[in-house]
Amino acid sequence: MNSREQILSDIRILKIDNSELPAIPQFEYEADIIESFKTSITTNKGEIISEEALMDLLESGEFVNVYSASESYSKHSNFGLPEDPHELKNLDLAIIEGDFGVGENGAIWLDDSKLGHRVLPFITEHLVIVVDKTTLVPNMHEAYKRIGQAHSGFGVFIAGPSKTADIEQSLVIGAHGAKSLRVLLV
Amino acid sequence: MSINKKVGLFIPCYVDQFYPNVAISTLELLQKLGCNVSYPMNQTCCGQPMANAGYERDTVATTQHFLDTFESFDYIVCPSGSCVHHVRDHAPCIEGKETFQKDIQHKVYELTEFITDILKITDIKGTYPHRVGFHSSCHGQRGLRLASSSELNQPVFNKAKQLLAKFEGLEWVELSRKDECCGFGGTFAVTEEALSVQMGKDRLQDHISKDAEIIIGGDMSCIMHLSGIASRNKQAIKFKHIAEVLNEAII
Amino acid sequence: MNHPVQAAKFLEDKSNAKWHDETLWFVRDKRDLSSKSIPEWEKLRELASGIKDNVLSNLDSYLVEFEKNATKNGIKIHWAKDAEEHNQIVLSILEEKDCKAIVKSKSILTEECHLNLYLEENGVEVVDTDLGERIVQFLNQPPSHIVLPAIHLKKEHISEIFHEKLQTEKGNNDPYYLTQAARKHLREKFLAAKVAITGVNFGVAETGEFVVCTNEGNADMGVHLADTHIACMGIEKLIPKREHLGVFLRLLARSATGQSITNYNSHFRSPSEGKEIHIILLDNGRTKQLGREKFRNSLKCIRCGACMNTCPIYRRSGGYSYGSVVPGPIGSILSPGIDLKKHSTLPFASTLCGSCSDVCPVKINIHEQLYEWRQEITKAQSSINAKSIAMKIANGIFSTPFAYKISGQIMRGSLKILPESVTYSNLNTWGKERDLPELPKQSFKDWYKNKGNE
């Protein structure tokens with residue numbers, strides 16, 4: 001018997017009585033979704049940024065290599081999407097459009113269709129995600145309803161910049177992924 | 001509760017031997033509250049120390065003895081959450097007597113829950129002009145749910161506090177860690193001596209740093225451990241079982 | 001391993017032990033605040049527990065469904081009965097890719113399989129990329145906590161090892177500075193690795209996808225730059241449907257650190273063009289644990305670490321005192337199932353206070369299982385060795401003078417019905433740092449009798 005058969009048969013032989021799968025109820029959500037989204041992003045050490053502030057930032061020259069996956073900011077994009085994702089290592093700023101955001105925790109859903117390369121939002125030194133206010137959902141249950149059965153090879157909820165507290169529980173922003181996350185609500 | 005109901009006093013073996021005043025206070029308190037209480041003389045240990053040490057199977061005879069001793073009572077009341085938790089939830093099943101055992105298990109109550117839930121007394125009038133810290137013993141708190149757990153998202157309650165808080169002059173100390181274990185843990189107190197003592201010291205410090213004058217507890221086992229450490233370290237804080245406090249303070 | 005001995009050692013460094021206790025308590029405190037901000041918290045725990053009950057009662061069909069869907073998505077599924085087979089599968093993939101250096105993000109399962117050691121013995125360089133794991137890897141240590149692998153180390157110590165390994169300035173203990181040094185060092189590793197290994201937080205039977213959660217982004221940096229992604233997954237990590245992720249992701253980070261969610265929650269469903277994803281489904285004792293009814297629901301664990309942070313024992317004895325891959329309360333109910341003899345002291349490293357069960361996001365009755373393991377251990381040991389630890393433990397409480405005095409009176413009565421092993425011993429551990437209560441003039445029983453009662 002190969003291991004697959006062995007494992008399955010070791011389980012089947014136990015004949016465990018079926019335990020019903022519980023249904024997930026509809027949970028109430030009273031808070032203002034936009035406000036809680038903003039608070040969540042800030043708590044996660046991200047930053048909510050205004051359109052003007054983003055423009056100032058883009059024009060400040062602080063970021064040398066900028067790639068915008070968002071049409072709206074393509075004129076600031078000076079870095080073509082390389083064929084080899086490793087070449088993204090010199091990217092200073094990526095601007096991406098998020099699919100939708102989640103009020104209770106600031107998570108923003110991005111998937112293959114938005115990324116070009118999957119590594120983009122992680123390898124870039126700094127990250128801007130543009131989120132349409134009207135797409136915000138209150139909690140993770142609604143988030144998965146919204147994703148529904150959509151099929152993408154890769155999807156990610158990003159809720160803040162890369163961070164760690166592995167040295168004496170001192171919070172440090174910028175571990176391996178993007179050192180900052182700025183979210184523009186439009 | 002009807003005054004005619006018979007209440008059997010279940011006194012943990014170490015309380016009988018070391019803390020007779022706790023047992024006397026329990027008896028007097030229940031009498032003051034109008035109960036018809038008696039103490040069956042041939043009771044022994046409930047078997048908890050053995051069961052928690054991994055020998056539950058060897059406590060069948062002890063359990064059988066307990067059931068026989070308390071069979072004739074309407075309620076069985078004990079000033080220890082830990083022993084009640086054992087009788088209710090851990091005593092080995094006595095084959096052939098399952099229903100009988102279940103009936104008795106349903107009649108066993110820890111003292112404070114008996115007062116609040118069965119006697120339905122929540123407002124005892126009394127005076128206790130002291131600054132007190134309360135030690136929530138884990139087996140009573142999480143085993144019998146005598147108080148809410150800080151881990152759970154639930155309404156806050158504490159049956160002991162419900163009885164004590166209204167006493168005139170009593171100041172209730174809020175602890176930094178309101179329901180952390182003191183480190184007694186039965187066999188743990190000796191098998192993990194170093195940890196047990198450190199946990200006890202930490203618990204004491206929480207009370208002392210809040211200027212508690214007396215630590216009140218519902219289980220003398222935890223109190224024995226804490227007071228043992230305090231006494232060794234010449235810490236002046238005093239200790240009382242809640243039965244003693246209620247019995248002293250009640251008007 | 002002997003927990004009491006290791007715990008006593010840990011407590012010798014008083015200030016470090018106090019720091020460890022207070023730091024983890026702080027994490028629990030954050031978890032409390034976070035969980036209390038969700039009115040339906042307790043309902044979520046119930047749901048999570050119920051979903052996992054359903055999974056464990058239909059694990060075979062969910063595994064088959066997961067395999068079918070993942071395969072359809074272009075993922076290659078492997079099955080491993082034990083650690084050895086798991087490691088061989090990993091190595092064979094690496095050999096096929098001619099890969100001699102890999103990056104790995106946090107996976108307790110690969111710790112369980114001692115994968116690093118195996119790969120290194122076979123000439124493969126393994127780089128753990130979670131910062132805490134990289135730190136302990138530099139020191140040749142296992143993680144001391146499943147979520148906070150280097151929580152037992154102080155920054156001075158980390159600074160020293162970074163100075164040695166990464167040439168950071170001597171004496172610069174600044175966590176930001178040290179983290180940036182690790183970032184630079186690990187970037188090179190990420191950019192060079194052809195194969196990346198991750199663990200799995202959740203596998204979804206309905207879609208064949210799996211989810212990996214990190215705060216550092218190390219899992220994603222590894223897998224998206226590599227050509228091959230190997231995901232190592234215990235068979236119990238399955239959940240039925242995608243919608244169930246909503247329940248678990250709400251619970252996981254809040255329980256672990258008090259965050260509302262981890263900053264990166266990646267859903268892998270199919271490989272990018274030209275790349276490969278492999279999933280290794282590992283048993284390694286899980287089906288055995290599934291067959292132990294009393295201990296079955298230990299398999300619900302989602303590895304949040306909350307039981308460690310809340311445990312008054314763990315906080316004051318450190319992860320290494322347990323001598324098991326998964327330390328703390330959950331480890332103490334998982335490990336005896338793997339090696340009862342080796343881990344026989346662990347179920348006794350508890351006061352049965354129950355905090356672990358109340359904090360657990362999937363409602364594992366951890367302290368009840370500790371109690372049950374004690375029963376199993378004494379049974380097993382009485383047939384192996386009469387002077388075993390458990391017997392000593394049972395002796396313990398009655399070994400003290402006070403207990404001896406008890407036996408002088410009332411216990412004499414109960415002696416007839418108690419096992420002899422619990423009635424005497426020559427240890428006197430109670431009195432080392434504790435006084436005994438003053439012996440009263442008479443017992444309650446005597447007082448009661450004297451009052452004219454019979």
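Every chain is numbered from 1 and lettered A, B, ... according to where its sequence line falls, protein lines coming before strand lines.
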Quiz prompt | Options B:P40, B:S38, B:A51, B:G183, ranked by heavy-atom pairs under 4.5 Å with chain C, top entry | solution = B:A51
Quiz prompt | B:R57 vs C:T378, side chain to side chain donor-acceptor pair (under 3.5 Å): CA-CA, chis, key distance, verdict | solution = CA-CA 10 Å; B:R57 63 190 173 282; C:T378 56; 3.0 Å; yes
Quiz item: Do C:E22 and B:R177 sit within salt-bridge range, that is, some charged N less than 4.0 Å from a carboxylate O?
Solution: no
Quiz prompt | Partner chain B: residue of C:E42, C:K441, C:H367 with the largest heavy-atom pair count (under 4.5 Å) | solution = C:E42
Quiz item: Hey, are the side chains of B:I24 and C:W447 touching, using non-hydrogen atoms and a 4.5 Å cut-off?
Solution: yes
Self-check item: Contact class of B:E180 relative to chain C, heavy atoms under 4.5 angstrom
Solution: side chain
Quiz prompt | Distance in Å, C:S355 OG paired with B:D179 CG, rounded so as to fall on 0.5 Å steps | solution = 7.0 Å
Quiz item: Picking from B:C138, B:S137, B:P20, which has the most non-hydrogen pairs under 4.5 angstrom with chain C?
Solution: B:P20
Practice problem: Dump the intermediate steps for salt bridge (charged side-chain N to carboxylate O under 4.0 Å, His left out) on C:R31 and B:E151, then the final yes or no. | Solution: CA-CA 9 Å; C:R31 171 265 169 215; B:E151 298 86 2; over 6 Å; no
Quiz prompt | Inter-residue atom distance B:F18.CZ - C:L439.CG, 0.5 Å rounding | solution = 5.5 Å
Practice problem: Working to the nearest 0.5 Å, report the span between CG of B:D16 and OH of C:Y448. | Solution: 12.5 Å
Self-check item: Exceeds 12 heavy-atom contacts within 6.0 angstrom, atom NZ of C:K432
Solution: no
Practice problem: Could you tell me how the ring of C:F444 sits relative to the ring of B:Y39: parallel (under 30°), tilted (30 to 60°) or perpendicular (over 60°)? | Solution: perpendicular
Quiz item: Within the distance-only criterion (no hydrogens, no angle test), does the side chain of B:Q17 pair as donor or acceptor with the backbone N or O of C:S443 below 3.5 angstrom?
Solution: no
Exercise. For the pair B:R145 and C:D358, find out whether any cationic side-chain nitrogen is under 4.0 Å from an anionic carboxylate oxygen.
Key: yes
Exercise. Examine whether an atom of C:Q442 lies under 4.5 Å from a heavy atom of chain B, and if so say whether it belongs to the side chain, the backbone or both; otherwise answer neither.
Key: backbone
Exercise. Show your working on side-chain contact (heavy atoms from CB on, under 4.5 Å) between B:M41 and C:K445 and close with a plain yes or no.
Key: CA-CA 7 Å; B:M41 290 295 280; C:K445 194 167 274 190; 3.6 Å; yes
Practice problem: Please examine the side chains of B:Y19 and C:P437, heavy atoms only from C-beta on, and report whether any two atoms are closer than 4.5 Å. | Solution: yes
Self-check item: Part of B:A230 within contact of chain C (heavy atom distance under 4.5 Å)
Solution: neither
Self-check item: Heavy-atom side-chain proximity of B:M199 to C:I313 below 4.5 angstrom
Solution: yes
Self-check item: Neighbour count above 12 (heavy atom, 6.0 Å) for C:F26 CZ
Solution: no
Self-check item: Straight-line distance of C:D435 CG to B:K234 NZ, nearest 0.5 Å
Solution: 7.0 Å
Practice problem: Tell me, for C:S357 versus chain B, whether the close heavy atoms (under 4.5 Å) come from the side chain, the backbone, both or neither. | Solution: neither
Quiz item: Which atom pair, heavy atoms only, marks the closest approach of B:Q198 to C:L11?
Solution: CG-CD2, 3.8 Å
Quiz item: Where does C:D29 contact chain B at under 4.5 Å (heavy atoms): side chain, backbone, both or neither?
Solution: neither
Quiz prompt | B:I223 versus chain C, the contacting section by heavy-atom distance below 4.5 Å | solution = neither
Quiz item: So what's closer than 4.5 Å to chain B heavy atoms on C:A349: side chain, backbone, both or neither?
Solution: both
Quiz item: Which bit of B:L27 comes within less than 4.5 Å of chain C, counting heavy atoms only: side chain, backbone, both or neither?
Solution: side chain
Quiz item: Quick one: of C:E368, C:K18, C:E376, C:E372, who has the most non-hydrogen atom pairs under 4.5 Å with chain B?
Solution: C:E368
Quiz item: Counting heavy-atom pairs under 4.5 Å to chain C, which of B:S149, B:A189, B:C182 comes out on top?
Solution: B:A189
Exercise. Look at B:V197, B:I229, B:L152 and state which one has the largest set of heavy-atom pairs under 4.5 Å with chain C.
Key: B:L152
Self-check item: Side-chain donor/acceptor of C:K379 to backbone N/O of B:Y55, under 3.5 Å
Solution: no
Quiz item: Given a strict heavy-atom distance threshold of 4.5 Å, which part of C:E438 is in contact with chain B: side chain, backbone, both, or neither?
Solution: backbone
Quiz item: Between B:H139, B:H85, B:H90, which is the residue that forms a ring-ring contact (aromatic ring centres under 6.0 Å, His included) with C:Y371?
Solution: B:H90
Quiz prompt | Structural part of B:S150 lying under 4.5 Å from a heavy atom of chain C | solution = both
Quiz item: Heavy-atom distance under 4.5 Å to chain C: side chain of B:I11, backbone, both or neither?
Solution: side chain
Self-check item: Heavy-atom pairs under 4.5 Å with chain B, option from C:S317, C:A17, C:P39, C:S350 with the top count
Solution: C:S350
Practice problem: Answer yes or no: is there a side-chain heavy-atom contact under 4.5 Å between B:E193 and C:W430? | Solution: no
Self-check item: Expected output: side-chain C:R316 to main-chain B:A194 donor-acceptor under 3.5 Å
Solution: no
Quiz item: Side chain, backbone, both or neither: which part of C:P347 has a non-hydrogen atom closer than 4.5 Å to chain B?
Solution: neither
Self-check item: Contacting moiety of C:I38, where chain B heavy atoms sit under 4.5 Å
Solution: backbone
Self-check item: Pair B:S227-C:R434, side chain to side chain donor-acceptor pair (under 3.5 Å): steps then yes or no
Solution: CA-CA 8 Å; B:S227 63; C:R434 280 168 292 215; over 6 Å; no
Quiz item: Counting heavy-atom pairs under 4.5 Å to chain B, which of C:A306, C:A8, C:P312, C:S35 comes out on top?
Solution: C:P312
Practice problem: Report, as yes or no, whether the 6.0 Å neighbourhood of atom NZ on C:K30 holds more than 12 heavy atoms from other residues, nucleotides or ligands. | Solution: yes
